[in-house]
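Read the structure below first, then the notes.
Being a predicted model, the structure only gives us computed values, none of them experimental.
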Amino acid sequence: LTSRERIQQVLIVVALAGILVQSAIFINTDIQMYNRQLHREETSPSLAFYDAFYSNTLQAFEEEKLVFYRDWHMYVPPYHPGWRWEMSWELASYELMAELNPDVILLERANLEMVTQPGALEDAARPDDMGAWQRFYSDAAADRVSGYQVVYSDHFGMALIRAELADRIR
């Protein structure tokens with residue numbers, strides 16, 4: 001073998017060794033990702049919230065046509081006949097709710113805590129929007145959103161439903 005051929009063989013062996021090491025490292029990562037996906041129904045607070053809300057409240061409206069607003073991390077099923085899901089990358093506000101006119105509002109507690117924490121308005125990049133968000137989330141947390149009632153709440157989120165619908169589940 002010439003020195004050029006030996007160098008090529010060494011480079012091939014080094015490249016293969018690098019690929020094997022990288023594969024071994026990423027197999028572990030892939031297994032972890034697969035296991036997280038496999039068990040996410042057992043560990044997802046968003047799924048747990050929806051399951052509990054559905055079985056405690058929504059099941060009573062299975063045949064109804066409903067419009068939902070949801071914060072972006074709130075789980076909703078991919079499809080349900082008669083139910084329409086609305087989401088905005090902005091946070092909820094009275095203006096947005098007036099535009100969407102939802103029957104059900106699903107709010108993530110992390111958003112509520114973020115916008116209502118002390119100093120949030122002063123530190124906001126968009127103070128007008130933050131003020132609108134604070135008014136809505138503060139009222140929601142205190143169950144003061146006119147025309148709606150908080151019907152379910154846990155560590156992950158809260159669900160508000162139109163008052164006339166809430167009256168039917170009691």
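A donor-acceptor pair under 3.5 Å is absent between the side-chain atoms of Thr116 and the main chain of Gln134, judged by distance alone. In this structure a side-chain-to-backbone donor-acceptor pair under 3.5 Å is present from Ser55 to Ala52. A donor-acceptor contact shorter than 3.5 Å links the side chain of Arg109 to the backbone of Asp154.
The CH2 atom of Trp72 sits 8.5 Å away from atom CE of Met87, with the distance rounded to the nearest 0.5 Å. Here the CG atom belonging to Asp30 is positioned 9.5 Å from the OG atom belonging to Ser23, to the nearest 0.5 angstrom. For the atom pair CE (Met130) and CZ (Arg135), the distance works out to 11.5 Å, reported to the nearest 0.5 Å. Remark: Asp51 CG to Asn56 CG distance equals 10.5 Å, nearest 0.5 Å. Rounded to the nearest 0.5 Å, atoms CG (Asn101) and CG (Leu96) are 11.0 Å apart. Interatomic distance, Thr2 OG1 to Glu5 CD, rounded to the nearest 0.5 Å: 3.5 Å.
A ring-ring contact (aromatic ring centres under 6.0 Å, His included) check over residues 130-153, counting only residues at least two apart or in different chains, returns the pairs Phe49-Tyr152, Tyr94-Phe136.
Counting only heavy atoms from C-beta outward, the side chains of Pro45 and His155 approach each other to under 4.5 Å. Side-chain contact check for Phe68 versus Leu58: some heavy-atom pair is nearer than 4.5 Å.
Ionic pairing of Glu64 and Arg168 is present here: one or more N-O contacts between side-chain nitrogen and carboxylate oxygen are shorter than 4.0 angstrom.
Residues passing the salt bridge (charged side-chain N to carboxylate O under 4.0 Å, His left out) test with Arg144, sequence neighbours excluded: Asp139. With sequence neighbours left out, the side-chain hydrogen bond (donor to acceptor under 3.5 Å, both in side chains) criterion links Asp103 to Arg162.
A pairwise comparison of heavy atoms in Ala159 and Leu106 identifies CB-CD2, 3.7 Å as the closest pair. What you find for Met74 and Phe156 is that their closest heavy atoms are SD-CE2, 3.4 Å. Taking each heavy atom of Val150 and Ala140 in turn, the nearest pair found is CG2-O, 3.6 Å. Closest heavy-atom contact between Leu91 and Tyr69: C-OH, 4.0 Å. Leu107 and Asp71 make their closest contact through CA-OD2, 3.4 Å (heavy atoms, listed as atom of the first residue, atom of the second, distance). Ala141 and Met158 get closest at one heavy-atom pair: CA-CE, 4.0 Å.
Applying the 6.0 Å contact sphere to CD of Gln8 captures more than 12 heavy atoms from other residues, nucleotides or ligands. A 6.0 Å sphere centred on CD of Glu63 holds no more than 12 heavy atoms belonging to other residues, nucleotides or ligands. Enclosure of atom CE in Met114 by more than 12 non-hydrogen atoms of other residues, nucleotides or ligands within 6.0 angstrom is indicated.
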Start with the C-alpha distance between Met97 and Ile105, add both sets of side-chain angles, then the distance that settles side chain to side chain contact (heavy atoms under 4.5 Å, CB included), and finish with yes or no. CA-CA 9 Å; Met97 294 305 109; Ile105 302 170; 3.7 Å; yes
Run Leu160 and Val104 through side chain to side chain contact (heavy atoms under 4.5 Å, CB included) and show every step you take. CA-CA 6 Å; Leu160 295 85; Val104 179; over 6 Å; no
For the pair Glu62 and His80, evaluate side chain to side chain contact (heavy atoms under 4.5 Å, CB included) and give the outcome as yes or no after the intermediate values. CA-CA 9 Å; Glu62 190 69 32; His80 187 286; 2.7 Å; yes
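Phe61 and Val67 are assigned to two separate hydrophobic clusters, defined by single-linkage of ILVMFWY side chains at heavy-atom distances under 4.5 Å.
The aromatic rings of Trp85 and Trp83 sit perpendicular to each other, their planes meeting at more than 60°, with 30° as the lower class boundary.
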